[in-house]
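In what follows, every chain begins at residue 1, and chains take the letters A, B, ... in the order their sequences are listed. Keep in mind it's a predicted model, so treat the numbers as computed, not measured.
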There are 4 protein chains.
Amino acid sequence: MNKEESEIARKRKAQILDAAAECFRVRGFHRSSMARISEAAEMSSGHIYHYFKSKEDIVAAIVERDRSEISVLQSAAAANPGQDVMDLFIDQLSHAVSIHKDLKRASLTIEILAEAARNPAIAAVVHRNDAEFHTALQELVGDDSRETRSRLEIVAALLAGLSVRALRNPKLEEDLDFDMLKRVVRFIHSV
Amino acid sequence: MNKEESEIARKRKAQILDAAAECFRVRGFHRSSMARISEAAEMSSGHIYHYFKSKEDIVAAIVERDRSEISVLQSAAAANPGQDVMDLFIDQLSHAVSIHKDLKRASLTIEILAEAARNPAIAAVVHRNDAEFHTALQELVGDDSRETRSRLEIVAALLAGLSVRALRNPKLEEDLDFDMLKRVVRFIHSV
Amino acid sequence: MNKEESEIARKRKAQILDAAAECFRVRGFHRSSMARISEAAEMSSGHIYHYFKSKEDIVAAIVERDRSEISVLQSAAAANPGQDVMDLFIDQLSHAVSIHKDLKRASLTIEILAEAARNPAIAAVVHRNDAEFHTALQELVGDDSRETRSRLEIVAALLAGLSVRALRNPKLEEDLDFDMLKRVVRFIHSV
Amino acid sequence: MNKEESEIARKRKAQILDAAAECFRVRGFHRSSMARISEAAEMSSGHIYHYFKSKEDIVAAIVERDRSEISVLQSAAAANPGQDVMDLFIDQLSHAVSIHKDLKRASLTIEILAEAARNPAIAAVVHRNDAEFHTALQELVGDDSRETRSRLEIVAALLAGLSVRALRNPKLEEDLDFDMLKRVVRFIHSV
DNA sequence: TATGAATGAGTCTTCATTCAT
DNA sequence: TATGAATGAAGACTCATTCAT
């Protein structure tokens, strides 16, 4: 029975987080009222408080859930043992780039970042997520030298920067030459 | 007389914008109440509405004012006629990088971007600023080929991405190798 | 269960409308703050917004509710089939007159009218109420000739005018001869 | 010099009262800000306070100025000595009726009445105006019997009621038969 | 006489959160 | 587990009024 409740609980939590994430994406945290979130989650606002103790808690949970996807790279690495991880990454670059350029994703990412910039609790989750991501990457690469860390930072900046550019320049798509970008990433790998 | 009034108005507006920008930097738009802003501006909240018709108007004015600084590059180009602008830029890269890594600046930038993602009025100002910046750059470079535009986008993404990385990774400073970054920018120039 | 909720809602709405009407009567719309209304309604101001989406909405609801009472006449007509409705009306004239002379009622009526003169939403409700009232009257009278409509208008003007006179002349009571008024109404009936 | 100032003062006061009356007509007292009135009066808001000590003072002055027009009747009586004043009045009834049906005039009248209903200072002016008007009428009629007073009250109610009807029934024009109204007034005279 | 900068109390409204059921 | 009634603090904004110039 305990388990059944847990099932429902997990389902309800996901329901809430999905609804809240969508609200936050569209309107931002501060313009997304609990009333609206509860409506989107098809659940009374009061009931949301059975699963999350505050609105901030929901934000934190969404940030927690919203880790960068590293699993694709991990399975690619498992399928191609011995091959350079960076090469595998470059093979999938097109995918990563299109994800980062996506305005919907960028909106939520930037919103989370803006919140992290003022809210220590959220900042903590963001920092932890980032640290875990980098740890996983370094394990994959099998190297933790300053050089490797710097390379990863530069590539990460480049990708994150695409989200910023997408929001700032509506014509990014036609201005950006993907092949040039690929050559740059390859250069970062070899530098 | 008309001019003197204008002087006062200009002074008061600047007073308000400075105070508001500082508030927004520290707390973000939505947590900065007009009461707090008016306190910071040393002016009654009612009086602020003589100069700005709404809080959103203040945000827009700050975004408007917060254009990227291209003048440094412009004067450098004027002082070194004939020299490649990208080389001049690379000479000043250290400055640009430290600006973008600065957490205070990054916070306001991201806050503005988050607002632009939901608020069409703010988005319009952001887009216009970006377009003007790029126009100025292209005039400086004297070239508007797809290649040049793409190069500018990639460099812009890299720099903007540093702000994101600074917010996500508190240890960015020690992880990032500035010389490597410089080599990458140089490569982008030559690619 | 749905019905019970409706019961509460209806009760609360009535509570709000009663309190608001009393406030409006005493102080007028613009001097009756939501804070005061909520106090009179023994309910938090925030809660009022669960039932009415704005202050104007409350005003509209009060106007809606404040239709002229025609039911007395209707039941009298039902009880005296075949008798001339105007005669029945004249029998009850004393009642109608004292209602219209009542300063409290007159105050709210005039307040509503003043609001209707500026506010199209309120004007619409007022016009609709009046149209419905006249339709009901005409059905009762069983006649919709120009003559009948004119007679009704003149009687209506006379009664409404008593409210105005009551507000303008504090001594109306002693100046007005009710029997003379009755003869006038009878004349209007026969003219 | 004192006299010249007085001239200017009188002119400025009229300027203010005209502007304010128009504002009040269109928007009502409470929605007409001093800023708007000063704009309409082509004068700074601060300067208005040289002539009126408060907004309420302006309202009172407008009410004061807005007495019913009895002069037409007075000059008609002077030109036709010996003739029954009520007959003269009936000759001019069409004029009086169209004035009272006029929506613009009705709006301001009702607004003033609504204000008088809450505001003792305004009520006092309204009552005084009405008393003076009736005194003048009685002098004209040369009779102050209860009967005459009652007749005057009933006619006054009828006319005032037309303003109310005009606001309530947009089709008053086509519903009301002026000749019937005239017969009624004549009856009131003879009753 | 004339301006309009400046104030700050007061307004309507929103919203996260609690709690009885 | 689930509802939604209820609260009240906080927010943006307005406005009559004052005052230095």
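- In this structure F:dT21 sits in a base pair with E:dA2, meeting the Watson-Crick or G-U test at under 3.5 Å.
- In summary, B:Glu111 and B:Arg31 do not engage in a salt bridge, as defined by a charged side-chain N under 4.0 Å from a carboxylate O.
- Between the P atom of F:dG8 and the CD atom of C:Glu39 lies a distance of 12 Å, rounded to the nearest Å.
- Atoms CZ (D:Arg36) and C1' (E:dG4) sit 18 Å apart, rounded to a whole Å.
- The separation between B:Glu42 atom CD and E:dG8 atom P is 13 Å, rounded to whole Å.
- Under a 4.0 Å N-O distance rule, the pair C:Glu39/C:Arg36 does not qualify as a salt bridge.
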Going 5' to 3' through nucleotides 13-18 of chain F, assign each nucleotide B (protein heavy atom under 4.0 Å from a base atom), S (under 4.0 Å only from sugar-phosphate atoms) or - (no protein heavy atom that close).
BBBSBB

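- Here B:Lys13 does not pair with B:Asp18 in a salt bridge; the nearest charged N to carboxylate O distance is not below 4.0 Å.
- Atom-to-atom, NZ of B:Lys13 to P of E:dA6 comes out at 13 Å; the value is rounded to the nearest Å.
- A straight line from NZ of D:Lys11 to C1' of E:dT1 spans 13 Å, rounded to a whole angstrom.
- The interatomic distance linking C:Ile8 (CD1) with E:dA20 (P) rounds to 14 Å, in whole Å.
- Under the 4.5 Å side-chain criterion, counting only non-hydrogen atoms from C-beta, C:Ser44 is in contact with C:His47.
- As judged by a 4.0 angstrom heavy-atom cut-off over every strand, A:Tyr51 is placed among residues touching the sugar-phosphate backbone only.
- Ring geometry for C:His30 versus D:His30: interplanar angle under 30°, hence parallel rather than tilted (30 to 60°).
- Contact check on D:Glu64 versus D:Arg67 returns a salt bridge, with a Lys/Arg side-chain nitrogen under 4.0 Å from an Asp/Glu carboxylate oxygen.
- Rounded to a whole Å, the CD atom of B:Gln15 is 12 Å from the C1' atom of E:dA5.
- With rounding to whole Å, B:Glu7 atom CD is found 14 Å from E:dA5 atom P.
- When the side-chain nitrogen and oxygen atoms of A:Arg12 are compared with OP1 and OP2 of F:dA2, one or more of them lie within a distance under 4.0 Å.
- Which of F:dT3, E:dT7, F:dA2 sits closest to the side chain of A:Met43 comes down to F:dT3.
- Taking 4.5 Å as the limit, every side-chain heavy atom of B:Ile58 sits out of range of all side-chain heavy atoms of B:Tyr51.
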